[in-house]
Number of protein chains: 2
Amino acid sequence: MIEYADEASFLAHYNRREFDAPLLTVDPVLFTYHQAQLKVLLVKRSAYPERGLWGLPGGFVDMANDQNLEDTAQRKLQEKTGVSPPYLEQLYSFGSTTRDKRGWSVTVAYTALIAYQECAAHIETVSDAQWLPLEHLDDLSLAFDHRQIIDFARERLRQKALYSIVPAYALPEKFTLPELQHLHEVLLGKVLQKKSFRRRIEEAELLIDTGEKRSEGNGRPAALYRMKEGSGGYNFVRNLEE
Amino acid sequence: MIEYADEASFLAHYNRREFDAPLLTVDPVLFTYHQAQLKVLLVKRSAYPERGLWGLPGGFVDMANDQNLEDTAQRKLQEKTGVSPPYLEQLYSFGSTTRDKRGWSVTVAYTALIAYQECAAHIETVSDAQWLPLEHLDDLSLAFDHRQIIDFARERLRQKALYSIVPAYALPEKFTLPELQHLHEVLLGKVLQKKSFRRRIEEAELLIDTGEKRSEGNGRPAALYRMKEGSGGYNFVRNLEE
DNA sequence: TCTTTTTATTGTCTTTAAGACACTTAAAGA
DNA sequence: TCTTTAAGTGTCTTAAAGACAATAAAAAGA
């Protein structure tokens, strides 16, 4: 699928063809956790439509190279971040006549998580992509229905924080339990009981104590954990609070 | 989008056009509960491809009339059953090069529930549609990846039976708690504790006692309940067993 | 070095939800 | 009336979560 610089060139092409099917895109919502904030990766759009607005790092299916929808999501993220996120899961599909001014369109949205450090360097070199804190998003005008999609992804991630440790994929390979707990607290919008939080994680046996410690400030150093492999993105711990 | 009688007529059209986007369909999985069995609505395909096989009652978006994806799902179900199901929720989108022999294709699947009586009459008049018990599906060859989609929907419905009374939408407007419990037992594949089941439903306050009774066999008659309105498809009861 | 401060980690009592299972109630039929 | 059948309730036990105090390990300052 072709990108158009402006409406005129889009219409020039559009009118020559039979567009009898909706436009189809894939839009990944990539989250990370950095400086005690939840952030989302957005791209400044350089082409028609919605040119100049921030939007999700998505795009059209490459029918020659993508084998399935997840391939497309993976490829778009690779283009913007230089790496493949350790967590990628389909979120929801949004389709209507109104969400894209070009007409009937459908986007298959994905939720993805990655450690900030994992791709910070690459993102700084790719000038059009940027991590934006979710709290600051209210002031921003986003392309298409991308705000709704981000809200949807955010809500789903909140749910996951209740009964899984999926959010841990937004942390570096090795992380401490206080870090993970704080991330969950940000997602849930409330403080959690230390004891309950740790009890559940311990009983679910999803983390491995690396034996290493790390002291953030002046207090007692926290133990560093890593995710047990094979859990593969679906790390259920039953209810984590609420 | 056009239907083709066979491969030749499909290719004739296909070759005259620029198909530079995946085919996009919507496929609802409509369940009901009848004679102590979970059943799914399937249609015998009369057109290319997969002609002669049973498949989901889906189809292409009608860009002139459908405002969004849910409209498409609703319309296809209306065509086959004559009514709108009280429960309709997007399930998942399946997209790959391989799922349809015509090439890259995407389907947005929906889960729907309806009472058997609600549409039994209409379905008997529409010769190509039929309720098939899920247990008998193993022997059947289904079109495309429709078996996978049904399995997916079935699994999601099982999850819902754990923490909601969404399955109640597969029952008539008025139903008894033993009926609902048995439906949940079928979905979960195990017997449930009567007391726990009823306790949760009572505490969630999602049902209204109509005051009427109905006696199935010879024992004590069961109270008839109806769903409290406004719950609108998301009737959480926390964990219902397991 | 000793004490204070800070943060991580654990112990344990209370509260809440779920499971098990016996008991009561209301009908049908002999 | 007595038995059978299925609906509906009481209540004890078990398991999970919440609250919160206590302990442990570090840094910083006296």
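We find that NZ of B:Lys195 is positioned 15 Å from P of C:dA20, with the value rounded to whole Å. Atom CG in A:Asn218 sits roughly 11 Å away from atom C1' in C:dT4 (whole-Å rounding). Taking atom CD on A:Gln193 and atom P on C:dT16, their separation rounds to 14 Å, with Å as the unit. Distance A:Arg214 CZ to D:dA27 P: 15 Å, rounded to the nearest Å. Rounding to whole angstrom units, CD of residue B:Glu203 and P of C:dT16 are separated by 12 Å.
Positionally, the nearest nucleotide of DNA chain C for A:Tyr225 lies more toward the 5' end than for the other of B:Gly219 and A:Tyr225. Residue-to-nucleotide proximity on DNA chain D shows that, of A:Ser215 and B:Ala222, the 5′-proximal contact is made by B:Ala222.
Contact annotation for B:Lys194: base contact, defined as any heavy-atom pair under 4.0 Å involving a base atom.
Contact check, A:Arg220 against D:dA27: no side-chain N or O comes under 4.0 Å of OP1 or OP2. Dashed line: the shortest gap from a side-chain N or O of A:Ser196 to OP1 or OP2 of D:dG18 is under 4.0 Å.
Nucleotide D:dA25 forms a Watson-Crick or G-U wobble pair with C:dT6, both donor-acceptor distances falling under 3.5 Å. Of the nucleotides present, D:dC2 is the one that pairs with C:dG29 by Watson-Crick or G-U wobble criteria, both distances under 3.5 Å.
Under the 6.0 Å cut-off for aromatic ring centres, B:Phe94 and B:Tyr92 qualify, their centroids lying closer than that.
Between A:Tyr116 and A:Trp131, the ring planes lie tilted relative to each other; the angle falls in the 30° to 60° range.
Closest to the B:Ala223 side chain, of the nucleotides D:dG8, C:dG19, C:dA26, is D:dG8.
Donor-acceptor pairing under 3.5 Å is recorded for the side chains of B:Gln74 and B:Ser84.
The base of C:dG19 is paired with the side chain of B:Arg199 by a donor and an acceptor separated by under 3.5 Å.
Between the side chain of B:Thr210 and the backbone N or O of B:Leu224, at least one donor-acceptor pair lies under 3.5 Å.
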